[in-house]
Amino acid sequence: MTYDLNSSGQDSLGPLSINDLLPERPAIVGEFSPAYEAFKQMTLADLAPMTQYEYIQALQLVDLNWSIMQLKASARVELSSATEAKIRELLTKKFWAVAEDAFDLEYDQFIEAGGDEDEFEGRIDPQQIEDDVAALMAGLTSADHAAREAATARAISLEVDPRLVLSGQILNSREYRRHGEALPDLEKRVRLLSAEYRELQRARPIEVAHTAAE
């Protein structure tokens, strides 16, 4: 995909389209969405390029800043998804352990009461465990503050601290770290290109308005 630079107000390059001079670049995440178009128009309006070269630089700034936004959003989604999956896994193990302990206790009490092990009808209900985990996860992700606090306290009572799980994912999630490691380079490129763009603006010829002598 090449940039469309054949818009009014830009310097003319004659019969040769400037698109013919630019290499095709790979698509960036989300650039075909209305949000990208709105961001692009807002950024271009703010930068207000006056020449074709400034316009090219401005478009590069649009893409770099959009890529940073998308990378940060992807990192947040990755961290949230990985943390939720890990908490769900730990809670499932804990609920199973609690159910197994309750099963063993019930069995021991049955045998101590003189029951025959072949007649013991106790069982672990996997569906109940799944429902309990789902209910607790719903509380942990609730928009209601009180519900989240109650769910967090319940999870901690099961020795699953969501805050520690989150910290562990920040430190150990390969995908989250991959997103974070890509940010400094993009942010540096934005700083350098922004500085270059400001120099271009300062180098614009000064237009002097002449007034008739009274």
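These numbers come from the heavy atoms of this one structure, side chains and all, not from hydrogens, waters or symmetry mates. Positions are given from 1 along the sequence.
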>> Could you report the tightest heavy-atom contact between Tyr197 and Leu47, atom names first, then the distance?
In response: OH-O, 2.9 Å
> From Asp125 CG over to Asp131 CG, what is the distance, rounded to the nearest 0.5 angstrom?
Replying inline: 8.0 Å
>> Show, in sequence, the C-alpha distance, side-chain angles and deciding distance for Val98 and Leu158, and conclude whether the side chain to side chain contact (heavy atoms under 4.5 Å, CB included) test is met.
In response: CA-CA 9 Å; Val98 169; Leu158 292 168; 4.3 Å; yes
> If you take all heavy atoms of Ile124 and Glu100, which pair is closest and at what distance?
Replying inline: CD1-CG, 3.5 Å
> Which atom names give the shortest non-hydrogen contact between Tyr176 and Gln169, and what distance separates them?
Replying inline: CD2-O, 4.4 Å
> Are Leu44 and Met42 co-members of a hydrophobic cluster defined by side-chain heavy atoms under 4.5 Å apart?
Replying inline: yes
> Atom OG in Ser74, atom CZ in Arg178: separation rounded to 0.5 Å?
Replying inline: 8.5 Å
> Between Gln201 and Glu54, does any side-chain donor sit less than 3.5 Å from a side-chain acceptor?
Replying inline: no
>> When you compare the side chain of Arg198 with that of Ser194, does any pair of heavy atoms fall below 4.5 Å?
In response: yes
> So do the side chains of Thr43 and Trp66 get within less than 4.5 Å of each other, counting heavy atoms only?
Replying inline: no
> Less than 4.5 Å apart, any side-chain heavy atom of Leu166 and any of Leu79?
Replying inline: yes
>> Holding to ring pair (Phe, Tyr, Trp, His ring centres under 6.0 Å), I want the full list of residues that pass it with Phe120, two or more places apart in sequence or in another chain.
In response: Phe103, Tyr107, Phe110
> To the nearest 0.5 Å, what is the distance between CG (Asp101) and CD (Glu106)?
Replying inline: 13.0 Å
Only pairs under 3.5 Å count here: list side-chain donor-acceptor contacts from residues 134-150, not counting sequence neighbours, and write none if there are none.
unit_1: Thr141; atom_1: OG1; unit_2: Met137; atom_2: O; d: 2.9
unit_1: Thr141; atom_1: OG1; unit_2: Ala138; atom_2: O; d: 3.4
unit_1: Ser142; atom_1: OG; unit_2: Asp144; atom_2: N; d: 3.0
unit_1: Asp144; atom_1: OD2; unit_2: Ala146; atom_2: N; d: 3.2
unit_1: Asp144; atom_1: OD2; unit_2: Ala147; atom_2: N; d: 2.8
unit_1: His145; atom_1: ND1; unit_2: Arg148; atom_2: NH2; d: 3.4
unit_1: Arg148; atom_1: NH1; unit_2: Ser142; atom_2: O; d: 3.0
unit_1: Arg148; atom_1: NH1; unit_2: Ala143; atom_2: O; d: 3.3

> Leu193 and Gln60: which non-hydrogen atoms are nearest, and at how many Å?
Replying inline: CD2-CB, 3.5 Å
>> To the nearest 0.5 Å, what is the distance between CG on Leu64 and CE on Met69?
In response: 13.0 Å
>> Is it the case that over 12 heavy atoms from other parts of the model lie below 6.0 angstrom from the CZ atom of Arg163?
In response: no
> In Å and rounded to the nearest 0.5 Å, what is the CD to CZ distance from Gln70 to Phe39?
Replying inline: 9.5 Å
> For the atom pair CD (Gln128) and CZ (Phe95), what is the distance rounded to the nearest 0.5 Å?
Replying inline: 9.0 Å
> Can you find a heavy atom in the side chain of Tyr55 that is under 4.5 Å from one in the side chain of Met50?
Replying inline: no
>> I'd like to check Leu59 versus Lys40 (side-chain heavy atoms, cut-off strictly below 4.5 Å). Are they in contact?
In response: yes
> Out of curiosity, does Leu61 fall in the hydrophobic cluster containing Leu183 (side-chain heavy atoms, cut-off under 4.5 Å, transitive links)?
Replying inline: yes
>> Taking the side chain as everything from C-beta on, heavy atoms only, tell me whether Thr83 gets closer than 4.5 Å to Pro162.
In response: no
> Are Trp96 and Val160 connected in a single hydrophobic cluster, I mean Ile/Leu/Val/Met/Phe/Trp/Tyr linked by side-chain heavy atoms less than 4.5 Å apart?
Replying inline: yes
>> Do Asp132 and Leu91 make a side-chain contact, defined as non-hydrogen atoms from C-beta onward lying under 4.5 Å apart?
In response: no
